[in-house]
Amino acid sequence: MADIHEAPHDVTPLPTYFFVFIALAAGTLLTWYASTINLGWANTPIALFIATTKAVLVILFFMHVIHSTRLTWVVIIASFVWLGMLFVLTFADYLTRFWAID
Amino acid sequence: MMLTDFPLFPEQASTVAKQTDALFIMLTIVCGAVSVLIFTMIFVLAIMYRRRPDNELAQEEEAPKILEATWIVVPFIFFMATFVWGSWLYFRLARVPDNALDIYATGKQWMWKFQHPTGQREIDELHVPVNRPIRITMASEDVIHSLFFPSFRVKADVLPSRYRIMWFQATKVGRFHIFCTEYCGTLHSGMIGWVDVMQPTDYQKWLAGGSEGSLASQGQALFQKYACNTCHTEDATGRGPVLLGLYGSTVTLANNATVVADENYIRESILSPQAKIVKGFGPIMPTFQGQVNEDDLLKLLAYVRSLAGPRTTTPPKEPKS
Amino acid sequence: MSDVTVHADEHVHHPFLQHQFEDLGQQHEASTLGMWVFLATEILFFGGVLMAYWIYRTIYPEAWALAGEQQNTLAGGINTLVLITSSLTMALAVRTAQLGSRRATLVFLFATMLFGATFLGIKAYEYNAHWHEGLFPGSHFTWHENPELAPKVQLFMVFYWGMTGLHALHMVIGVGLLVWIISRAWRSHFGPEYYSPVEVMGLYWHFVDIVWIFLFPFLYLIPHFGVLHG
Amino acid sequence: MTSVTYHDVQFLEPAKTRNYLNVDYGALSWLLTKDHKRIGILYMVSISVMFILGGFFALMMRLELLTPEGDLLTSDTYNKFFTLHGIIMIFFFLIPSIPAVLGNFILPIQLGAKDLAFPRINLLSWYLYMIGAFTGLLVVIIGGVDTGWTFYTPFSTQYSNTHVIGTTFGAFIVGFSSILTGLNFIVTIHRMRAPGLTWYRLPLFVWAMYATSLVQLLATPILAITLVMLMIERFIHVGIFDPALGGDPLLFQHMFWFYSHPAVYIMILPAMGVASEVVAAFTRKKIFGYTFVAYSSLAIAFLGFLVWAHHMFVAGISVYSAMIFSFLSYFVAVPSAIKVFNWTATLYKGSVSWQTPMLYILGFIGLFTMGGVTGLFLAALGLDVHVTDTYFVVAHFHYIMVGGAVMGYFAGLHYWWPKITGRMYPEWWARLGALLVFVGFNLTFFPQFILGYLGMPRRYHAYAPEFQVLNVMSTAGASILAVGYMLPLVYLLWSLRFGRKAGTNPWGAVGLEWTTSSPPPKDNFHETPVVTWEAYDYPAMLKAMGETQNV
Ligand code: HEA
Ligand code: HEA
Ligand code: CUA
Ligand SMILES: [Cu+2]
């Protein structure tokens, strides 16, 4: 990447920060509200979805990843992929442990 | 020394032993050949091309791609074959033959306790008939142990949390080692014993020797002692479900999920009854965690398993909450 | 990858350029990458305990539901807002440092620290309440409602204390780092060409915020979903 | 030990140029150093102490196993010895060995950098290592620990009455040291390469260290959190992994092996990197299939994360997931095979020199293959049921870790010794040492394969009498092995003072580390190098470097 050698000067415009902040606050209220109504099985995915969205906003804008090098993206994605491997393969055991053998 | 006579290969004394050994021998031959090949190549090449005045600098060679492809693909095919073979064997070990004789085992620091269906109990010694599948249901009272019969090529960890099941069918009469192979503390290496494989008639004779009644009948006594029978009656008048024909049947739970009533379900029903509530009943059964030890639990299990008959899932007249 | 470094002769004498680097650009890239890599390890660190939590939630939904009801959702929610706000001020601190306004940077850093302390205060209040309710795992754990589920409720509380405790530890470290950054900002160390420490501090702080964004639903909201009464 | 090296180093005749050893003197100049080379040496001294300690426990175990009865040690002592042996050898010796000693010293020089990206963090990681190691030693002194290096629950959390918390705390701290080393390497490799040094010009050692660092970074945190949970459980007696209180002991095993299987690649990948360097240097040849070897390191690092439950085939996991793990285990073997075949092929038409580092590496390739293929036995589900937790497993991993990784470490140590110290070691003694190690090693561990298949369980203090003959052979081998390891200890120290002076490039090897003086100056190079040649391109490199000695 060509722009490495000068300190990068892409300063995020103020409105971006405020919009993100408002979205985060709204997400918090929404997730709290959604938890008070019984949606059956859907409650959990909704809460997780909102949390993930909030996290992505923070990562992209507050942590400037949207302007960052490809390498930064790789680092972040890799860490979640690795965590995913831990979850998927461990659950593969727990969820099939008592399956019948035939 | 008089140690001239020592074994290099373990005795084959069960039906799976032959199959395990076949896989082992195949792997030994192929992998042995590959290792020898690598060693030979290394030494032959290293000597052929050793540094000499006329060989001060290597001659560069362009790497042919086909060579790389070969040594990726050929081993890979072999690996997959090994995988399939190994898995086939594993499934065979996991699937218990139907007509198996049931034996119960408890591991505790540092001994093995075995109980026969007829009620005989033995410690660090196990008598079984030859040529008959033996199914061992086992649990641990403390830490993880592992029950290992080297001559039968089977082992399984024995957990403190749930029942594990293993099986074998001995093919030779004789005495063979039992080892504990999961490290379990001070006397791990002393947690050993012998399995006595006998002719069926000898086994019957051995069984005839003193016993405190069959396991199931001992379980029945406990069933009264712990007052299970006050709720679990034989007709649908008790506060709990009738246990007749429960073992192996499919139970519908309060949340409409279904489970198969196997050893671990029955165990859980006794130790933490609230975990899975049977549909139509209230969560009133008290836990027996801490009151029933592993031995008694096995007896209760044997008793519940012995309650044959058609499953009747009639809820009580006035469901309590 | 084309991220090879090339000589750049200007900047060489900047007072904060460390000797192993060629220029400030390289130093900046190295320190942000270093922080990201560190955060990747943190993701797995928190992720590991999260998985253990999730396994037990799958096995013991009822106990999780009961224990979840013990949580003070209001306090948790307010704390989420507090942390989000602190993230905003932190982001603004980085921005003002980039722009070279020392005063604004100091103000925002200070605000961040204040919100962080507020978070810890509210958390301490919750901890105190749980302690008195006998919900601290161990010998004086008390749970009468349903004795059979007591060990599993306790298990939830182990995760509750463990995960929020680890998070709080990270917050405390963050506040400590802020003190150091503030003292450097005070001494006018930062400016448009050198602000990496503020930026790196920001990455850490936002990460700790993200952890909480997940902990809040996990520990306060999700436990009792879909289990109680149907 | 620290002071020995310090003094020995002082006795070095000052080189004509100032180098990293003689820029300043005194204990503090070492203890507060931020120079990666000096930190490498600090690590070298520390892990050597650990190796001797771990080896001592091994020898005591082998002596006990000379007879079937448990007569020399009590069973509790024996249990503590194999636990300490495993913990010390793995956490305190092998994991830091190549990365923290040779990697620390050589990697920045191979990259043409002045230092690692974060010198202070590098020093911090050594201090963390020392704190962890001292915690470990303290535990040894106050009574030891007897859980096995795997710390299985609920034995470790509820039943053992030894110093479990202290030991796990030590391992926990050392884990952070390992993470920080990995972090430093990753950033350095990405950001501090010399001009012209593109990825495909990197020495294979750098690729291997890069892959190793990835594993360190992504696996170690899981160990850390698992050990935290273990400590909490033991400390306040709650049931995270204890079934009596609702926990699942298998969850501990899952999380432990999610770290500890990849950790075996933390141990072997660096040795593979050394193998590539040494094979190239002592055949004066480009490594056959450079890109395959480079990418296979990354492939091992990645696939190594997907196989952990092959340690749990009889533990009570689902048979279906066992199948997945077995299947995936065979995938890791593919990139390992690629490496073995490519090293062997490199010898073809090479200019093979039988010097000590090469001897070690030739042994390494063969023994690693044997250890690796016996891993295939273990990964075969039905067969593992028989051999798991027997001496077959013990033989498997010693073949890879001692025959492989330790041999790799010794190869690297000899290869870079002239660079590190500026002195040559006595070649004849070194070859004798390599030979003794090879012979002693095989005598020690080959019989254990047979013992294992016969059914001798591991972690046994007393055993059935029919196993004795093979055990006697093994013990005899271990004594030869000990002598083999003692030799380098003696002659390497000797060489510090009396060794012939090494020139810049005693082996006529390529790579940036051979372009700077031995020992290197404080900032590694007198001027920033510019790389214009491909990795291991002998003709181009030799031309660029001008004259070399000893060619
Ligand atoms: C550096 C250490 C290291 C390395 C690299 C490995 C590498 C491998 N290991 Fe090993 N292993 C350990 C250290 C290591 N292991 C330790 C310490 C234990 C015990 C832990 C404990 O319980 O205390 C263990 C235990 C262990 C087990 C569990 C045994 C049990 O407890 O039941 C298994 C099971 O699958 C296994 C498999 C493998 C495999 C498939 C590889 C593969 O990566 C190997 C791949 C390499 C090759 C295959 C060789 C090269 C290939 C060729 C030359 C190709 C040609 C070959 C053919 C065509 C046949 N190992
Ligand atoms: C890097 C890892 C590593 C290394 C290098 C070694 C090296 C050796 N190991 Fe071991 N070993 C393990 C890792 C390692 N081991 C692990 C993880 C276990 C499992 C533990 C568990 O079950 O929890 C194990 C277990 C283990 C067992 C099984 C114990 C049991 O299950 O009951 C045995 C038995 O023979 C053994 C032997 C040896 C021997 C003889 C050496 C020799 O190679 C050692 C030779 C080295 C020296 C002797 C030191 C150097 C010597 C000098 C510098 C000379 C001066 C010193 C003296 C004369 C004392 N090891
Ligand atoms: Cu019981 Cu080992
Ligand atoms: Cu493994």
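What's counted below: heavy atoms across the whole structure, side chains too, no hydrogens, waters or symmetry copies. This structure is a prediction, so every number in the text was calculated from the model and none was measured. We name chains A, B, ... by the order of the sequence lines, and we start the count at 1 in each one.
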J.: Between D:Trp199 and D:Tyr210, does the ring centre distance come in under 6.0 Å?
T.: yes
J.: With a 4.5 Å cut-off on side-chain heavy atoms, are D:Ser260 and D:Thr150 touching?
T.: no
J.: Distance check, rounded to the nearest 0.5 Å: A:Ile76 atom CD1 versus A:Phe80 atom CZ?
T.: 8.0 Å
J.: Angle between ring planes, D:Phe256 versus D:Phe252, binned at 30° and 60°: parallel, tilted or perpendicular?
T.: parallel
J.: Between D:Ile324, D:Asp248, D:Ile222, which shows the greatest number of heavy-atom pairs under 4.5 Å with chain A?
T.: D:Asp248
J.: Using a 4.5 Å heavy-atom cutoff, which residues in residues 82-93 of chain A come close to chain D?
T.: A:Trp82, A:Met85, A:Leu86, A:Leu89, A:Thr90, A:Ala92, A:Asp93
J.: Could you give the distance from CH2 (A:Trp32) to OG1 (A:Thr36), rounded to the nearest 0.5 Å?
T.: 6.0 Å
J.: Can you check whether D:Ala113's main-chain N or O pairs, donor with acceptor, with D:Asn524's side chain at less than 3.5 Å?
T.: yes
J.: D:Val319, D:Leu217, D:Leu251: which one forms the most heavy-atom pairs within less than 4.5 Å of chain A?
T.: D:Leu251
J.: D:Thr220 versus D:Tyr259: any side-chain heavy-atom pair under 4.5 Å?
T.: yes
J.: Run the side-chain contact (heavy atoms from CB on, under 4.5 Å) test on D:Asp115 and D:Asp523 for me, step by step, so that the C-alpha distance in whole Å, both residues' side-chain angles and the decisive distance to 0.1 Å come before the verdict.
T.: CA-CA 7 Å; D:Asp115 203 320; D:Asp523 277 342; over 6 Å; no
J.: If I measure from the heavy atoms of chain A, does D:Leu250 come under 4.5 Å with its side chain, its backbone, both, or neither?
T.: both
J.: Quick one, D:Met267 with D:Ile95, criterion side-chain contact (heavy atoms from CB on, under 4.5 Å). Give me CA distance, side-chain angles, the key distance, then yes/no.
T.: CA-CA 5 Å; D:Met267 305 178 230; D:Ile95 287 184; 3.9 Å; yes
J.: Can you check whether anything in residues 296-315 of chain D gets within less than 4.5 Å of chain A, heavy-atom wise, and list it by number?
T.: D:Phe302, D:Phe305, D:Leu306, D:Trp308
J.: Measure from the side-chain N and O atoms of D:Arg201 to the backbone N and O of D:Val531, and report whether any donor-acceptor pair falls under 3.5 Å.
T.: yes
J.: Could you check if a side-chain atom of D:Thr153 sits within less than 4.5 angstrom of a side-chain atom of D:Ser156, using non-hydrogen atoms only?
T.: yes
J.: Could you tell me if the side chain of A:Ile46 sits less than 4.5 Å from the side chain of A:Leu30, heavy atoms only?
T.: no
J.: Any side-chain heavy atom of D:Thr181 sitting closer than 4.5 Å to one from D:Asn184?
T.: no
J.: Could you verify whether a donor N or O on one side chain and an acceptor N or O on the other, from D:Ser326 and D:Ser329, lie under 3.5 Å apart?
T.: no
J.: Less than 4.5 Å apart, side chain to side chain, heavy atoms only: is that true for D:Val332 and D:Tyr265?
T.: yes
J.: Which residues in residues 16-23 of chain A have a heavy atom less than 4.5 Å from any heavy atom of chain D?
T.: none
J.: Considering only heavy atoms from C-beta outward, does the side chain of D:Ile240 approach that of D:Glu233 to under 4.5 Å?
T.: yes
J.: Apply side-chain contact (heavy atoms from CB on, under 4.5 Å) to A:Thr12 and A:Ile66, showing your working.
T.: CA-CA 10 Å; A:Thr12 312; A:Ile66 198 146; over 6 Å; no
J.: Are there residues of residues 52-62 of chain A that reach to under 4.5 Å of chain D by heavy atoms, and which ones?
T.: none
J.: Any chance you could lay out the side-chain contact (heavy atoms from CB on, under 4.5 Å) test for D:Ile268 and D:Val264, step after step, and finish with the verdict?
T.: CA-CA 6 Å; D:Ile268 201 67; D:Val264 308; 5.9 Å; no
